[in-house]
Amino acid sequence: MTDKIASLPPVSSMMRECGLEPKKQFGQNFLFDLNLTGRIARSVPDIEKIPVVEVGPGPAGLTRAILLAGAKQVIAIEKDKTTEPILSQVIDASDGRLRVIFDDALRVDFSALGVAEYAICANLPYNVGTELLIGWLHKIASGEKIKSMTLMFQREVALRITSRPGDEHYGRLAVLTSLIADSKIIIDVPNTAFVPRPKVQSAVVQIIPNMEKIAALHDLGKIEQLTAKLFGQRRKMIRAIMPNVNWEKYGLTGTERAEKIAPETFALMAHDLL
Ligand code: SAM
């Protein structure tokens, strides 16, 4: 089933043949290293059982690895129409397993993709990565069956997603992610792995929605508002930002800064105070 994919010419040759150059405005930093793309794809839980949605296939390096790893169905969403000549060759080689939607992933309604549940796997464009992630967290909170997300981010963003209270990178992203899912960095990726080479390092984060956490959640929108308010002035004591709060109720004194407050405490406070 994967022979035709394995026999395609290398991604770099296909790009040359189709005259495709990486474009900065689409955040295009491509992966050509088959070991790396294979590792990322094989780390997607249940890849052979549930559909995989990929944002930004570009010239299809990661897409090919996902197909080679045995995915039965891949839906890829790409904004840059000039990748079509390459993607159509991969579609032809995929035996009906790959569908490509040319659109902006920020505008696509993921609930209307026609799959009941799915995994997301992507080397995300750096300029819209966090916005996409927050959108998916909201979707999961409202019942969308996203079973896992295996996502490449700039390393600093990966740390912001996976950090814990008191860590340097702890903030809104960590609070929202941690109230919905379990997350960890699974692969550190050096900038030399990309073409063109970005200035910063990257990392793959795996985010697995946790049903118990989701069941206990009240309103992610309110939690987002509260984190924006308290982390917006992260150097200030919380009582200076929000006077007239009975902090003791949350095991706090009011002299803390947002970076010390646990995700579960943010959730309780958002439920009561907003
Ligand atoms: N998956 C390829 C790889 O790993 O080599 C390309 C990854 S590159 C970092 C990001 C890809 O996302 C590019 O192909 C880019 O055109 C696409 N992209 C950028 N913004 C997008 C958006 N809003 N919606 C869908 N695709 C987007």
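Each ligand, and each atom within it, is numbered from 1 in the order the structure gives.
Atom NZ of K139 sits in a crowded spot, with more than 12 heavy atoms from other residues, nucleotides or ligands closer than 6.0 Å. The environment of CZ in R39 is sparse: at most 12 heavy-atom neighbours from other residues, nucleotides or ligands sit within 6.0 Å.
Using a cutoff of 4.0 Å between basic side-chain nitrogens and carboxylate oxygens, K72 and E48 are not scored as salt-bridged. Looking at D188 and R155, a side-chain N of the basic residue comes within less than 4.0 Å of a carboxylate O on the acidic one, giving a salt bridge.
The side chain to side chain donor-acceptor pair (under 3.5 Å) test with D182 singles out one residue from N210, T162, T177, and that residue is N210.
Protein residues are said to neighbour a ligand when one of their heavy atoms lies under 4.0 Å from it; for ligand 1 these are F26, G27, Q28, N29, F30, L31, E54, G56, P57, G58, I77, E78, K79, D80, D103, D104, A105, N123, L124, P125.
M242 has its side chain within reach of W247: a pair of non-hydrogen atoms, C-beta onward, lies under 4.5 Å apart.
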